[in-house]
Amino acid sequence: MAGWTVRNGRRNRRTSAWAMRTTAAAACAGLALTACGSTKDTGGSTSAGGDGNGKVGVILPLLTSPFWQSYNDYVPKMAKSEGVDALKTVNSNSDPSQQITDINTQLNQGVEGLVVAPLDSAAIEAGLDQAERKGVPVVAVDVAPDKGKVAMVVRADNVAYGEKACQYLGKQIPSGKVVQIMGDLASVNGRDRSEAFRACVKKNFPKLKVLEIPAKWESDAAASKLDTLLNANPDIKGIYMQAGGVYLAPTLQTLKSKGMLKTAGQAGHITIVSNDGIPQEYDAIRKGQIDATVSQPADLYAKYGMYYIKAAMQGKTFQPGPTDHGSTIVKLPSGILEDQLPAPLVTKDNVDDPGLWGNTVK
């Protein structure tokens, strides 16, 4: 499960372990940005690789979130810098069934690699199986599939997202009610963030009571359910939004409509932690409307999505361990490898850091 064993139907010649190591080393040396060293090729059961110059399809989950809009903008830039011939991105428009159709369409167009951000961790298996049958490697971005073969998952540690949000709120609020506005639990991201936040609060901050809103990454659902919850619980002291790209605007608007949007330092201020690291969240931190966010690296998702798909098309595989770009490759319970990219907590103390991708886009 660590790597692809078949390049495509036209290139299925097995190489010896010695030849594979030689080919991998040459391919590594030829990459503009390598992850050799601790991310070196395993040299195991890959078939002979190509030059990595085939067409690559890039499938987005949605474009209604500023986060995914930013990722979409980064894709052509990173494809160029990594020497990847990426086709125009395809938007699955929040529809898991449409995403499978989009994968099949790209495969029928003859792509030799796919970079996909799965909407549903289970449903994506059908698309991955289609790609495997055609010998086309896939890199998953942002969401790890429950099953199916991918060359690499490019993702930050979503368990850490929930834990960081919990630790921040717990240190600011000694006791009381906090709300967790959750993502779609059909996605491993929604499950990881929700379970981690819940478990961290239970273990470390027993005086906090967690109220939960299942919002499925939908802004309208978040707004209406938060409104109802606040009617019954006007004494809320904290909110954890699992996706600022879809939850920031409706949350602030709901609080404002109820006269509950107080800036940091004011009496009655509700401490808010978010996820994404979009410019709108940074502006809200500067205004004191929210207190922190975890910066999900849209730029690095695009960069290493392109890096790993090119490597997969060349027949390379990787092994668990620290990388040379500040992350760690881990093996998931499914056997899939995941490059867990860094995702820093952003507060008023570091919100103006020019190194944060959210400060580099409009």
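What you see is a predicted model, and the numbers here were worked out from it, not measured in a lab. Side chains included, hydrogens not; waters and symmetry mates left out as well; all remaining heavy atoms used.
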With heavy-atom distances below 4.5 Å as the criterion, would you say the side chains of [X] and [Y] are in contact?
{"X": "Thr251", "Y": "Leu226", "result": "yes"}
{"X": "Tyr308", "Y": "Val115", "result": "no"}
{"X": "Pro344", "Y": "Leu356", "result": "yes"}
{"X": "Val139", "Y": "Leu114", "result": "no"}
{"X": "Leu87", "Y": "Val56", "result": "no"}
{"X": "Thr293", "Y": "Leu345", "result": "no"}

Quick check against the 3.5 Å criterion: does [X] have a side-chain atom that pairs as donor or acceptor with the backbone of [Y]?
{"X": "Asn204", "Y": "Cys200", "result": "yes"}
{"X": "Lys310", "Y": "Gly305", "result": "no"}
{"X": "Glu112", "Y": "Asn53", "result": "no"}
{"X": "Asp85", "Y": "Gly83", "result": "no"}
{"X": "Gln242", "Y": "Gly183", "result": "yes"}
{"X": "Asn93", "Y": "Asp95", "result": "no"}
{"X": "Asp353", "Y": "Gly355", "result": "yes"}
{"X": "Asp291", "Y": "Ile272", "result": "yes"}
{"X": "Asn158", "Y": "Gly190", "result": "no"}
{"X": "Gln172", "Y": "Leu169", "result": "no"}

Exercise. Take Asn108 and Lys134 through the test side-chain hydrogen bond (donor to acceptor under 3.5 Å, both in side chains) and record every step on the way to the result.
Key: CA-CA 10 Å; Asn108 290 335; Lys134 294 202 173 187; 3.0 Å; yes
Common cluster, [X]/[Y], ILVMFWY with side-chain heavy-atom separation under 4.5 Å:
{"X": "Val346", "Y": "Ile239", "answer": "yes"}
{"X": "Ile100", "Y": "Val150", "answer": "yes"}
{"X": "Val179", "Y": "Leu230", "answer": "yes"}
{"X": "Ile181", "Y": "Phe197", "answer": "no"}
{"X": "Val111", "Y": "Val116", "answer": "yes"}

Of all the heavy-atom pairs spanning [X] and [Y], show the shortest one and how long it is.
{"X": "Ser94", "Y": "Leu119", "result": "C-CD1, 3.6 Å"}
{"X": "Lys147", "Y": "Leu128", "result": "O-CD1, 3.6 Å"}
{"X": "Ala221", "Y": "Ser224", "result": "O-OG, 3.3 Å"}
{"X": "Ile336", "Y": "Pro145", "result": "CD1-CG, 3.8 Å"}
{"X": "Ile173", "Y": "Lys237", "result": "CD1-O, 3.3 Å"}
{"X": "Ala144", "Y": "Leu332", "result": "CB-CD1, 3.8 Å"}

Quiz item: Per the side-chain contact (heavy atoms from CB on, under 4.5 Å) rule, which among Asp184, Asp146, Asn189 passes with Ser121?
Solution: Asp146
Practice problem: Take the angle between the ring planes of His325 and Tyr304 and call it parallel below 30°, perpendicular above 60°, tilted in between. | Solution: parallel
Practice problem: Give the ring-plane orientation class for Trp217 versus Tyr247, where under 30° counts as parallel, over 60° as perpendicular and anything between as tilted. | Solution: parallel
Please check if any side-chain donor atom of [X] sits under 3.5 Å from a side-chain acceptor atom of [Y], or the reverse.
{"X": "Tyr74", "Y": "Thr360", "result": "yes"}
{"X": "Gln106", "Y": "Asp102", "result": "no"}
{"X": "Tyr240", "Y": "Asn275", "result": "yes"}
{"X": "Ser327", "Y": "Gln340", "result": "no"}
{"X": "Gln266", "Y": "Thr263", "result": "yes"}
{"X": "Tyr301", "Y": "Gln296", "result": "yes"}
{"X": "Tyr161", "Y": "Asp192", "result": "no"}
{"X": "Thr254", "Y": "Asp227", "result": "no"}

Could you state the interatomic distance from [atom1] ([X]) to [atom2] ([Y]), rounded to the nearest 0.5 Å?
{"X": "Leu248", "Y": "Phe67", "atom1": "CG", "atom2": "CZ", "answer": "14.5 Å"}
{"X": "Leu60", "Y": "Thr89", "atom1": "CG", "atom2": "OG1", "answer": "4.5 Å"}
{"X": "Lys287", "Y": "Tyr282", "atom1": "NZ", "atom2": "OH", "answer": "16.0 Å"}
{"X": "Tyr307", "Y": "Thr323", "atom1": "OH", "atom2": "OG1", "answer": "9.0 Å"}
{"X": "Asp276", "Y": "Ser70", "atom1": "CG", "atom2": "OG", "answer": "9.0 Å"}
{"X": "Ile329", "Y": "Phe318", "atom1": "CD1", "atom2": "CZ", "answer": "6.5 Å"}

Exercise. Please assess Arg198 against Glu212 for the test salt bridge (Lys or Arg N to Asp or Glu O under 4.0 Å), listing each intermediate value before the final yes or no.
Key: CA-CA 9 Å; Arg198 193 182 301 131; Glu212 298 184 334; 2.7 Å; yes
Quiz item: Yes or no on side-chain hydrogen bond (donor to acceptor under 3.5 Å, both in side chains) for Ser92 and Gln98, after CA distance, side-chain angles and deciding distance?
Solution: CA-CA 6 Å; Ser92 297; Gln98 180 60 45; over 6 Å; no
Quiz item: Which ILVMFWY residues are connected to Met182, directly or by a chain of links, through side-chain heavy atoms under 4.5 Å apart?
Solution: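 Besides Met182, the cluster holds no residue at all.
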Self-check item: Co-members of the apolar cluster containing Leu185 [side chain, <4.5 Å]
Solution: none
If you count every heavy atom of other residues, nucleotides or ligands that lies below 6.0 Å from [X] atom [atom1], does the total exceed 12?
{"X": "Lys258", "atom1": "NZ", "value": "yes"}
{"X": "Asp220", "atom1": "CG", "value": "no"}
{"X": "Lys209", "atom1": "NZ", "value": "no"}

Quiz item: Does the side-chain contact (heavy atoms from CB on, under 4.5 Å) test come out yes or no for Leu252 and Ile290, once each step is laid out?
Solution: CA-CA 9 Å; Leu252 295 183; Ile290 72 172; 4.1 Å; yes
Quiz item: Step by step, would you call Arg286 with Asp352 a salt bridge (Lys or Arg N to Asp or Glu O under 4.0 Å)?
Solution: CA-CA 9 Å; Arg286 293 182 184 106; Asp352 294 320; 2.8 Å; yes
Practice problem: Report the C-alpha distance between Leu107 and Asn104 in whole Å, list the side-chain angles of each, state the deciding distance to 0.1 Å, and finish with yes or no for side-chain contact (heavy atoms from CB on, under 4.5 Å). | Solution: CA-CA 5 Å; Leu107 292 171; Asn104 287 329; 4.2 Å; yes
Exercise. May I have the step-by-step check of salt bridge (Lys or Arg N to Asp or Glu O under 4.0 Å) for Arg155 and Glu338, ending in yes or no?
Key: CA-CA 7 Å; Arg155 182 173 176 250; Glu338 176 176 291; 3.1 Å; yes
